[in-house]
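Down below is the structure, laid out as structure tokens.
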There are 2 protein chains.
Amino acid sequence: MEVDERSSGEHGASAGEEGDAGSGSLPRAELDLSQFLPYRLNRLADRISDELERMYAERYDINVAQWRVLAWLSHCDELTAKKICGYTNMDKARVSRAVQALEDRGLIHREPSVHDQRVHDLHLTPAGEELLASLVPDAQAWEAELVATLSVGEYRDLFNAMGKLERQLERIGRR
Amino acid sequence: MEVDERSSGEHGASAGEEGDAGSGSLPRAELDLSQFLPYRLNRLADRISDELERMYAERYDINVAQWRVLAWLSHCDELTAKKICGYTNMDKARVSRAVQALEDRGLIHREPSVHDQRVHDLHLTPAGEELLASLVPDAQAWEAELVATLSVGEYRDLFNAMGKLERQLERIGRR
DNA sequence: GCAATATAGTTTCTTGTGAAACCATTTGTC
DNA sequence: GACAAATGGTTTCACAAGAAACTATATTGC
């Protein structure tokens with residue numbers, strides 16, 4: 001591994017490398033946000049989300065929550081609100097509202113499960129499928145453009161790293 | 001619902017393919033969210049943000065916006081709200097509120113600039129410095145734990161990839 | 001069979017946020 | 001100098017989203 005002039009932290013997330021070494025004052029707690037992973041990741045995700053949301057809203061008049069529900073339905077066809085909560089990490093109230101909106105627009109169908117009346121089985125209506133048939137390629141094209149500057153290897157590594165972080169987050173979280 | 005079928009597409013974000021089966025059933029538009037970068041990135045960032053926010057709130061009673069202002073102040077010492085908007089990508093109203101809250105708590109000081117009465121120069125108070133001196137190490141320790149499973153190379157590559165995506169986003173955005 | 005408890009989903013309440021209106025000051029233009 | 005435009009920052013308004021209360025159904029223990 002390259003041993004370079006990486007600053008103190010194991011990975012280099014640290015601060016103050018501008019050489020204002022001994023100006024006489026106490027050691028300022030300093031944090032270089034541009035090297036702070038949570039900050040960078042969050043800002044990037046926010047920007048991406050903003051752009052995509054704008055596209056969804058303009059062209060299809062749906063918000064992110066609704067989009068996620070649709071996408072998962074395209075993937076699994078039969079789902080319940082509870083499951084969607086788990087997959088998407090969204091609050092159940094948020095899912096509930098998204099589902100309601102989609103049903104009102106006739107994009108999904110909802111009926112009480114035969115086995116458990118509390119549960120509602122969800123699936124796409126033909127109209128929903130149609131909308132997805134148009135939206136999905138748009139989303140993929142947009143993503144393709146976004147990652148156009150990454151090599152296939154970089155793209156794969158990125159997903160790998162995200163996977164590792166997610167698992168580590170799990171580990172940290174349960175404590 | 002393990003989704004491990006790596007599918008085609010330049011980078012792997014994939015979906016329903018051709019196979020246009022003539023009249024009748026249209027090819028299902030399908031999107032594997034777990035391989036869709038915006039979704040993955042957003043979910044990861046959200047989770048990280050949630051965890052960190054909880055820590056900030058519990059231990060220091062500050063929210064993310066306030067934290068960002070403090071961190072930038074630790075870095076630059078003299079700032080204006082406008083600049084913070086630029087650095088953090090936050091709305092100016094949001095910055096305004098964060099600044100106000102921090103001032104109310106005596107963590108930062110704010111005074112009209114000598115040269116331009118519209119502008120307010122911001123800097124940390126001793127109390128603010130003190131809080132940061134305690135908060136920053138916490139944040140860094142937390143980040144270190146988060147990235148503990150990444151090698152130095154993976155960590156560096158991750159930042160590289162994020163940088164590329166940000167720049168590409170810029171390019172896409174201005175259109 | 002019937003309380004007590006748990007679960008899926010909805011509704012209510014509160015809060016944080018972005019958009020737009022607004023205020024105060026500065027910078028131009030004549 | 002005076003009026004118009006621009007700029008930094010605050011406030012108002014509308015709304016999305018999380019927390020908690022609530023409803024309806026299921027499950028468990030007795």
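Sequence lines set the chain letters: A, B, ... in the order given, protein chains first and strands last, and positions in each chain run from 1.
Between the side chains of B/Trp72 and B/Tyr87, no donor-acceptor pair of N or O atoms lies under 3.5 Å.
Comparing C/dA8, D/dG9, D/dA26 against the side chain of A/Val119 picks out C/dA8 as the nearest. For B/Arg97, the listed nucleotide lying nearest its side chain is C/dG18; candidates were C/dT10, D/dA26, C/dG18. Considering only the side chain of B/Arg118, C/dT25 comes nearest among D/dT10, C/dT25, C/dG18. The side chain of B/Ala93 sits closest to C/dG18 out of D/dG9, C/dG18, C/dG9. The B/Lys92 side chain lies nearest to C/dA21 when the options are C/dT17, C/dA21, C/dG9.
The shortest distance between the side-chain N/O atoms of A/Ser96 and the OP1/OP2 oxygens of C/dT10 is below 4.0 Å. Side-chain nitrogen and oxygen atoms of B/Arg54 include none within less than 4.0 Å of the OP1 or OP2 phosphate oxygen of D/dG18. In this structure, B/Gln100 reaches the D/dT11 phosphate: one of its side-chain N or O atoms is under 4.0 Å from OP1 or OP2.
When each of B/Asn89 and A/Arg110 is assigned the nucleotide of DNA chain C bearing its nearest heavy atom, the one mapping closer to the 5' terminus is A/Arg110. Position along DNA chain D of the nearest nucleotide to A/Arg94 versus A/His115 favours A/Arg94 as the more 5'-ward residue.
The CD atom of B/Glu53 sits 13 Å away from the C1' atom of D/dA17 (whole-angstrom rounding). In this structure, B/Asn63 places its CG atom 11 Å from C1' of C/dT15, rounding to the nearest Å. The nearest whole Å value for the distance from the NE2 atom in B/His120 to the C1' atom in C/dT25 is 10 Å. Regarding A/Ile84, its CD1 atom lies at a distance of 17 Å from the C1' atom of D/dA17, rounded to whole Å. One atom, CG of A/Asp91, and another, P of D/dA21, lie 15 Å apart when rounded to the nearest Å. In this structure, CD of A/Glu111 is placed 16 Å from C1' of C/dG9, rounded to the nearest angstrom. Protein atom CD of A/Gln117 is 14 Å distant from nucleotide atom C1' of C/dT7, rounded to whole Å. Rounding to whole angstrom units, CE of residue B/Met90 and C1' of C/dG18 are separated by 13 Å.
For the pair A/Glu51 and A/Arg54, the salt-bridge criterion is met [side-chain N within less than 4.0 Å of a carboxylate O].
Residues satisfying the salt bridge (charged side-chain N to carboxylate O under 4.0 Å, His left out) test with A/Asp116, not counting sequence neighbours, are A/Arg118.
Of the possible polar contacts, one joining the B/Gln168 side chain to the A/Glu145 backbone as a donor-acceptor pair under 3.5 Å is found.
Nearest heavy-atom pair across A/Met162 and B/Leu37 is CE-CD1, 3.6 Å.
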